[in-house]
Amino acid sequence: MHISITKATSCSPEVLSLCRRSAAQNSEIESLVKEILRDIKENGINAAIGYAKKYDGLKTNNLKISQAQIKKAASKTSPKLKAALRQAIENVKAFHQKQVEKSWSFKGKDGEILGQKIRPLKRAGLYVPGGAGAYPSTLIMNAVPAIVAGVKELVVASPGLESAVAFVLQELGIKEFYHIGGAQAIGFLAYVAGVDKIVGPGNVFAAFAKKEVFGTVDIDMIAGPSEIAVLADCTANPEWVAADMLSQAEHGSGFEASVCVTDSPSFAKKLADCLAKQVEASPKREILEKSLRAYGRIFIAKNMKAAVEIVNKIAPEHLEIVAKNQDELEKLVENAGAIFIGPYSAEPVGDYFAGPNHVLPTNGTARFASPLGVYDFIKKTSIIRYNKKALLKNGESIAEMANSEGFYHHAKAVTIRLTTPPLAPLFPLPCL
């Protein structure tokens, strides 16, 4: 297996080409997704059940999985995995509790009161992919920040119920789980289950569907293929870095990016050799070769500062820094979904266990987007409480601005209060 080794800068064609990487648009898939969503919007639960039977292996006319079924499935989880999942939940809770925001207000100089009220969403939809595998970690990462935010109603949709997922449902006290996946799951959550927001990664069908239902409900992001960049110098262990790169290449869509940026030509050569050996010995060899052939890269920069510039251009979902001056390099990083610092901070530590969320911005969107968090499950309401003194002092300025924009009645709504007294008494007694 051959992996590209290229001398590069942040403006090199090879880097820019990687930045333009995305899953291929497919008009047939997009058309099918729109048809599914339209059908579910018009025909409701019956249409959703039909698609779940067709695509997700549903055998009954009931999408909802009972508590007895969840309990039975959860009992099949091994004690060792249960312990790991419990600890992961605690770690994720501890991290996300630091993100909690509180309502606030202040009194202005003229007695007006201004503020912001923070409230959780009432009902959130969590999509957990399945079919190709079981993802209890995704359920944890989606549900825990919602629970910490105070969301009372969580609705989970997935194309199947696996034992570890069932165990996490029990641990988190989630009662609503529906056997439905893909675009039909997104349509069900948006148009039938009545959620306020849908979060969670998925395949291209789910991604298209989330884009389509945005506006009817909120969404977290349009998740793209996974990606990792490793910023490494000659002190890094090439076998470890190779293993980290392959941890993302194994996802299997063919669009995953596995990149290393280094200033050491000799390290680049050692890394390429380690990648070749690990791919050769892997049970997923075919998947890895496809991924690395498409978007596996080793870039050689003139120095580590220039290497950071390449990383900032790529804006990777996951960034590992394995270098002798790792703390100084981390300060130069501007764009990354999550940063893993030091040789023992392997990317899977964050995927499963450490506490920060593994739902991260992909495809360069780390330039402007953030990981999933408690802040995704709250809404903010502005509070304005003006008194007479404040309006008398500022009313003419407000009216002047309204008139300058051509809004006569905006201005009038203010000036009428400056010239006409309120009805007396201000708070009349109720009529008898």
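No hydrogens, no waters, no symmetry mates; every other heavy atom, side chains included, goes into these values. Please read all numbers here as calculations on a predicted model, not as lab measurements.
Using a distance-only test at 3.5 Å, with no hydrogens or angles considered, a donor-acceptor pair links the side chain of Glu227 to the main chain of Asn363. Under a 3.5 Å cut-off, the side chain of Arg123 and the backbone N or O of Ala193 do form a donor-acceptor pair. Within the 3.5 Å criterion, the main-chain N or O of Gly181 finds a donor-acceptor partner in the side chain of Gln184. Without hydrogens or angle criteria, Asn357 side chain to Gly373 main chain gives no donor-acceptor distance under 3.5 Å. With Asn403 contributing its side chain and Glu400 its backbone, the two residues share no donor-acceptor pair below 3.5 Å. With hydrogens and angles disregarded, a donor-acceptor distance shorter than 3.5 Å links the side chain of Ser404 to the backbone of Met401. A donor-acceptor pair under 3.5 Å is formed between the side chain of Thr415 and the backbone N or O of Ala411. In this structure a side-chain-to-backbone donor-acceptor pair under 3.5 Å is present from Gln67 to Lys175. Listed for the Ser10 side chain is no donor-acceptor partner under 3.5 Å among the backbone atoms of Glu309. Panel note: side chain Glu162, backbone Ala164; a donor-acceptor pair is recorded below 3.5 Å.
The existence of a salt bridge linking Lys41 and Glu212 is excluded, since no basic side-chain nitrogen approaches an acidic carboxylate oxygen closer than 4.0 Å. Looking at Asp196 and Lys122, no side-chain N of the basic residue comes within less than 4.0 Å of a carboxylate O on the acidic one, giving no salt bridge. Between Glu289 and Arg285 there is a salt bridge, since at least one side-chain N of the basic residue sits less than 4.0 Å from a carboxylate O of the acidic one.
From Tyr127, atom OH reaches atom OG1 of Thr138 across 10.5 Å, with rounding to the nearest 0.5 Å. Distance check: Asp56 CG to His179 NE2 gives 5.5 Å after rounding to the nearest 0.5 Å. Rounding to the nearest 0.5 angstrom, the gap separating the CG atom in Asp327 from the CD1 atom in Ile321 is 8.5 Å. Here Tyr191 contributes atom OH and Ile40 contributes atom CD1; the two are 9.0 Å apart, rounded to the nearest 0.5 Å. Atom CD of Gln278 is separated from atom NZ of Lys284 by 14.0 Å, given to the nearest 0.5 angstrom. Interatomic distance, Ile186 CD1 to Phe205 CZ, rounded to the nearest 0.5 Å: 13.0 Å.
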Trace of the side chain to side chain contact (heavy atoms under 4.5 Å, CB included) decision for Met221 with Thr362: CA-CA 9 Å; Met221 64 185 78; Thr362 59; 5.9 Å; no
Steps toward side chain to side chain contact (heavy atoms under 4.5 Å, CB included) verdict (Phe167, Leu81): CA-CA 10 Å; Phe167 175 75; Leu81 180 54; over 6 Å; no
Residues Glu405, His410; criterion side chain to side chain contact (heavy atoms under 4.5 Å, CB included); working and verdict: CA-CA 10 Å; Glu405 295 185 355; His410 280 65; over 6 Å; no
Worked verdict on Val333 versus Asn312 for side chain to side chain contact (heavy atoms under 4.5 Å, CB included): CA-CA 6 Å; Val333 175; Asn312 281 330; 4.0 Å; yes
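Counting heavy atoms of neighbouring residues, nucleotides and ligands inside a 6.0 Å radius, atom CZ of Arg385 does not exceed 12 of them. Atom CD of Gln97 has more than 12 heavy atoms from other residues, nucleotides or ligands within 6.0 Å. Counting heavy atoms of neighbouring residues, nucleotides and ligands inside a 6.0 Å radius, atom NZ of Lys197 exceeds 12 of them. For Glu14, the CD atom sits in a packed shell: over 12 heavy atoms of surrounding residues, nucleotides or ligands are nearer than 6.0 Å. In this structure, Lys53 places its NZ atom where more than 12 heavy-atom neighbours from other residues, nucleotides or ligands lie under 6.0 Å away. More than 12 heavy atoms of other residues, nucleotides or ligands sit less than 6.0 Å from atom CD of Gln69.
Looking at Ser137 and Val168, their side chains never come closer than 4.5 Å, going by heavy atoms from C-beta outward. At a threshold of 4.5 Å between non-hydrogen side-chain atoms, the residues Phe377 and Pro145 count as touching. Looking at heavy atoms from C-beta onward, Phe299 lies out of side-chain contact with Ser12 at the 4.5 angstrom threshold. Within the 4.5 Å cutoff, the side chain of Glu328 has no heavy atoms near those of the Met304 side chain. You'll find the side chain of Val259 reaches within 4.5 Å of the side chain of Ile314, heavy atoms only. At a threshold of 4.5 Å between non-hydrogen side-chain atoms, the residues Val165 and Tyr135 do not count as touching. Looking at Lys393 and Glu112, their side chains never come closer than 4.5 Å, going by heavy atoms from C-beta outward. With a 4.5 Å cut-off on side-chain heavy atoms, Leu271 and Met245 count as touching.
The one candidate from Ile298, Leu246, Asp244, Leu292 that meets the side-chain contact (heavy atoms from CB on, under 4.5 Å) condition with Ser258 is Leu292.
Considering every non-hydrogen atom in both Tyr51 and Glu35, the closest pair reads OH-O, 4.2 Å. The two residues Gly200 and Lys210 come nearest to each other via the heavy atoms O-NZ, 2.8 Å. Residues Pro129 and Gly202 come closest through the heavy atom pair CB-CA, 4.5 Å. Taking every heavy atom of both residues into account, Leu288 and Ser282 meet most closely at CD1-OG, 3.4 Å. Taking all atoms of both residues into account, the shortest heavy-atom contact from Val148 to His96 is CG1-O, 3.8 Å. The heavy-atom pair separating Ala73 from Leu161 by the smallest distance is CB-CD2, 4.1 Å.
Sorted by first and then second residue, the side-chain hydrogen bond (donor to acceptor under 3.5 Å, both in side chains) pairs involving residues 342-356 (not counting sequence neighbours) are Gln248-Glu347, His318-Glu347.
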